[in-house]
Amino acid sequence: MLEVGCRPMVQTYTPIVQGYCREGRVDEAKELMSTMESAGCPPNVVTYNVLIRALCDAARFDEVRQVLMDSRTKDWKPSTVTYNTFMNGLCKKGMAKEALEQLDVMLGEGLDPTDFTLSILLNCLSHDKRIHDAVCLLERNTSLKCYAGVVAYNTVMSRLGEMGHWMGVLKLLTDMIKRGVMPNTRTFNIVIRSLCFRRKFSIAKSLASNQGFAANVVTYNTLIYFVFYYSRKLSEVKDLIFDMTAVRIAPDEVTYTIIVDGLCRDGFFDTATSYFLESLEIGLSRDLFAVLTNRL
DNA sequence: ATAGGGTTAG
């Protein structure tokens with residue numbers, strides 16, 4: 001009977017708690033939740049998750065820990081979502097190490113991480129100079145009963161590539177294939193970019209023309225950018241444009257921006273202008289026009 | 001009802 005009477009009340013009050021939280025009125029949310037409790041209608045895990053999200057946004061992490069601690073003596077149990085929320089909050093405030101520690105806490109509670117959990121942690125670790133932890137977590141993921149998909153690999157590989165670790169990128173590429181995770185076009189674009197950072201253009205080009213993968217305009221834009229940037233030769237750019245039209249990929253606004261900006265940078269304003277005029281065939285880009293006029 | 005994410009240029 002109590003169960004039946006209580007459920008609609010929690011459903012009534014949780015959105016109000018949420019409303020307070022959204023407006024940053026966290027203390028009023030807390031107050032309402034203690035009122036709910038003394039009225040015999042205790043907040044449930046969703047209500048607490050909403051509160052924890054707001055506490056995290058306000059960087060009030062000690063209070064989050066307190067709420068989690070208090071749950072032992074109350075009739076709600078933290079869920080995977082609870083820990084995901086907490087970990088994401090820590091990540092957003094640059095506390096990657098603490099977030100990773102929460103993974104062991106949740107495992108200790110008998111809660112299984114999900115692909116959400118992995119995504120939160122991998123993103124956070126990759127962008128927080130903890131790329132090594134991210135790679136370890138990827139390698140650990142089979143023992144965690146959760147599954148790292150193509151996006152998880154792309155996240156870590158992208159950062160590894162930017163940091164110049166192209167061998168690490170290739171290792172993860174082979175790892176994922178061995179695990180049955182199929183790389184997609186973005187994966188290959190990330191690999192190509194990582195090779196370009198280290199000027200391995202011939203490997204990058206041969207990967208782009210490999211039958212095993214569908215190159216797109218981003219693939220060619222990446223190649224054009226790096227080849228042009230490092231070689232500073234328009235002839236090599238023209239070769240790449242020839243290649244891309246041969247596989248029926250049309251240049252887009254980004255392609256023209258790379259070319260126009262690169263030419264202007266080297267002082268070839270007339271050639272840049274003619275490429276700009278050519279780009280009008282696919283439409284006038286305000287941004288490209290701005291690039292040109294700023295350089296002129 | 002509450003939690004997350006991957007590719008290019010300026």
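Here is how names work: the chains are called A, B, and so on, in the same order as the sequence lines, proteins then strands, and each is numbered from 1.
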S.K.: Side chain of A:N184: nearest nucleotide among B:dT7, B:dG6, B:dG4?
M.R.: B:dG6
S.K.: What's the CD1-P distance between A:I52 and B:dT2, to the nearest Å?
M.R.: 15 Å
S.K.: Using a cut-off of strictly less than 4.0 Å between a heavy atom of the residue and any atom of DNA chain B, enumerate the qualifying residues of residues 262-278 of chain A by number.
M.R.: none
S.K.: Under 4.0 angstrom, heavy atoms only, what part of the nucleic acid is A:D287 near: base, sugar-phosphate, or nothing?
M.R.: base
S.K.: Between B:dA9, B:dG4, B:dG10, spot the one nearest the side chain of A:V291, thanks.
M.R.: B:dG10
S.K.: Does the side chain of A:D70 come under 3.5 Å of the side chain of A:Q66 through a donor N or O and an acceptor N or O?
M.R.: yes
S.K.: Could you tell me which non-hydrogen atom of A:I131 sits nearest to which non-hydrogen atom of A:R159, and how far apart they are?
M.R.: CD1-CB, 3.7 Å
S.K.: Take the angle between the ring planes of A:F201 and A:Y230 and call it parallel below 30°, perpendicular above 60°, tilted in between.
M.R.: tilted
S.K.: Can you check the A:I131 CD1 to B:dG6 C1' distance for me, whole Å?
M.R.: 13 Å
S.K.: Using distance alone, with no hydrogens and no angle criterion, decide if A:T255 and A:D252 have a side-chain donor and acceptor under 3.5 Å apart.
M.R.: yes
S.K.: Does a distance-only test, which skips hydrogens and angles, find a donor-acceptor pair under 3.5 Å between the side chain of A:D115 and the base of B:dG5?
M.R.: no
S.K.: Rounded to the Å, how far apart are A:N123 CG and B:dG4 C1'?
M.R.: 7 Å
S.K.: Using the six-membered ring of A:F228, assess whether NZ or CZ of A:R265 lies under 6.0 Å from its centre and within 45 degrees of the ring axis.
M.R.: yes
